[in-house]
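Notes for the one structure printed next.
We number each residue from 1, following the sequence as shown.
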Amino acid sequence: MGAALLAAAWGHVDLVPQSLNIAWWGPLVYGGIVAGYHWLRALRWYFLLRPFSEIRRAEASAVAYVGFLWITLLPLRLGEAIRPTLLMKYHDVGLGRAAGTIVVERVVDAVIICALFLSANLYKPWRPGSDTEPLEQLISGTNLLAGALLLAVAVIVALALRPGLFGRLVAIPFGAKLGHLGRELAEGMASLATPRWLAAFVLTTLAYWGLNALGIWFLAHACGLQLSLAQSAVLMALLGLMLLLPSAPAQAGPFQLGIVFGLKLFVTHEELATAGSVFVFLCYFCQLTVTTLYGLYGHARLRFRWGWPSSTGD
């Protein structure tokens with residue numbers, strides 16, 4: 001499926017441009033912006049952990065960086081299991097609690113992406129003459145997703161307020177062990193019931209997504225694409241919608257096609273084939289590079305050892 005999506009994107013842009021018509025400092029500045037919002041992404045997860053864990057920020061960030069790398073590299077979003085596993089191994093945080101924080105993180109991100117995309121449709125910043133027929137179908141699907149997400153938010157808030165009740169309800173049909181896991185999962189959402197940590201999480205989340213949109217806007221202009229900041233936010237939302245789905249290794253295919261689909265709404269075919277090709281390549285390359293470097297730092301910080309398990313069980 002990833003190969004098919006790559007092929008579809010390649011029909012509109014050159015995924016490996018023969019020349020990069022951009023000043024050398026453009027990718028460096030964009031890489032710095034990507035590094036900044038990765039740091040914010042790890043920081044906001046730390047705020048979700050603090051209500052039930054005394055983990056230090058640097059240690060939580062190291063686990064987050066490792067998790068972000070493997071979410072990117074592994075197919076089907078299998079990397080989502082890395083952070084809960086590492087917290088359980090290195091910091092004695094229950095698997096259910098760690099998983100609960102990731103559920104909150106994912107649902108909130110999906111709500112923001114849907115809100116950005118649907119609000120943009122109210123004033124329609126599309127280029128006159130662009131093909132918006134596929135967009136109408138995507139809007140209908142996003143409306144359904146937004147409704148499901150609002151229900152999910154209500155459930156998460158209820159779990160955060162009454163984790164013990166949820167654990168007991170799970171235990172009735174499934175037994176005490178799953179009941180305990182259900183209680184831990186609800187306790188992992190406890191930051192939503194703590195004003196201090198909830199405020200910190202919300203502020204860093206808004207800063208994270210704002211910096212993300214600013215980075216796309218900057219790189220687009222550096223490549224010669226005159227996108228407005230609002231159009232850059234829509235492009236970011238479209239890319240986010242594509243990446244919500246389980247994808248191929250290194251997110252190859254959905255990443256490129258999501259950007260191509262968004263750019264088609266704002267630029268001409270000629271701009272898409274030239275400057276758009278450079279933009280797609282650099283956006284993917286810079287994000288993958290920064291994610292990998294952060295991930296390697298996280299592995300080193302955790303003193304993670306590579307290789308097969310030894311006979312002693314290490």
* Asked: Taking atom CG of Leu95 and atom OG1 of Thr85, what is their separation to the nearest 0.5 Å?
  -> 6.0 Å
* Between Tyr65 and Leu69, is any pair of side-chain heavy atoms under 4.5 Å apart? -> no
* Asked: Under a 4.5 Å side-chain heavy-atom rule over Ile, Leu, Val, Met, Phe, Trp and Tyr, are Phe201 and Ile55 clustered together?
  -> yes
* Structure fact -> In short, side chain to side chain donor-acceptor pair (under 3.5 Å) pairs touching residues 10-33 with sequence neighbours left out are Tyr30-Gln287
* To do: Apply salt bridge (Lys or Arg N to Asp or Glu O under 4.0 Å) to Glu270 and list each qualifying residue two or more places apart in sequence or on a separate chain.
  => none
* To do: Flag the pair Leu239 / Phe255 as yes when at least one side-chain heavy-atom distance between them is below 4.5 Å, and no otherwise.
  => yes
* On the 0 to 90° scale, with breaks at 30° and 60°, tag the His38-Tyr294 ring pair as parallel, tilted or perpendicular. => parallel
* **Minimum-distance pair of heavy atoms, taken over all atoms of Leu238 and Gly258** => CB-O, 4.4 Å
* Same cluster (ILVMFWY, side-chain, under 4.5 Å), Val260 and Met1 -> no
* To do: Report yes or no: do Ile113 and Leu150 belong to one cluster of Ile/Leu/Val/Met/Phe/Trp/Tyr joined by side chain heavy-atom distances under 4.5 Å?
  => no
* Asked: Taking atom CG of Asn212 and atom CE of Met236, what is their separation to the nearest 0.5 Å?
  -> 5.5 Å
* Not counting sequence neighbours, which residues clear ring-ring contact (aromatic ring centres under 6.0 Å, His included) with Phe52? List them please. => none
* Structure fact -> Sequence neighbours excluded, the answer for side chain to side chain donor-acceptor pair (under 3.5 Å) partners of His221 is Trp217, Gln226
* Expected output: side-chain Thr101 to main-chain Ala98 donor-acceptor under 3.5 Å -> yes
* Asked: Between Leu20 and Phe281, is any pair of side-chain heavy atoms under 4.5 Å apart?
  -> yes
* Structure fact -> Rounded to the nearest 0.5 Å, the CD1 atom of Ile259 sits from the CD1 atom of Ile216 at a distance of 6.5 Å
* Asked: Are the side chains of Leu49 and Trp197 in touch, meaning some heavy atoms are under 4.5 Å apart?
  -> no
* Asked: What pairs with Arg83 under salt bridge (Lys or Arg N to Asp or Glu O under 4.0 Å), at least two apart in sequence or on another chain?
  -> Glu80, Glu105
* Does a side chain donor of either Arg41 or Tyr37 reach within less than 3.5 Å of an acceptor in the other side chain? -> no
* To do: Taking the side chain as every heavy atom from C-beta outward, state whether Leu235 and Leu265 have any pair of such atoms under 4.5 Å apart.
  => no
* **Nearest heavy-atom neighbours spanning Ala64 and Ala42** => CB-CB, 3.8 Å
* Under 3.5 Å, side chain of Arg77 to main-chain N/O of Leu243, donor-acceptor pair present? -> yes
* Among the clusters formed by ILVMFWY side chains lying less than 4.5 Å apart, do Phe218 and Leu28 turn up in the same one? -> yes
* Asked: Hey, is OH on Tyr284 packed in by over 12 heavy atoms from elsewhere, all under 6.0 Å?
  -> yes
* Set of side chain to side chain donor-acceptor pair (under 3.5 Å) partners for Arg56, sequence neighbours left out -> Glu59
* **Side chain proximity check, Leu203 to Phe47, heavy atoms < 4.5 angstrom** => no
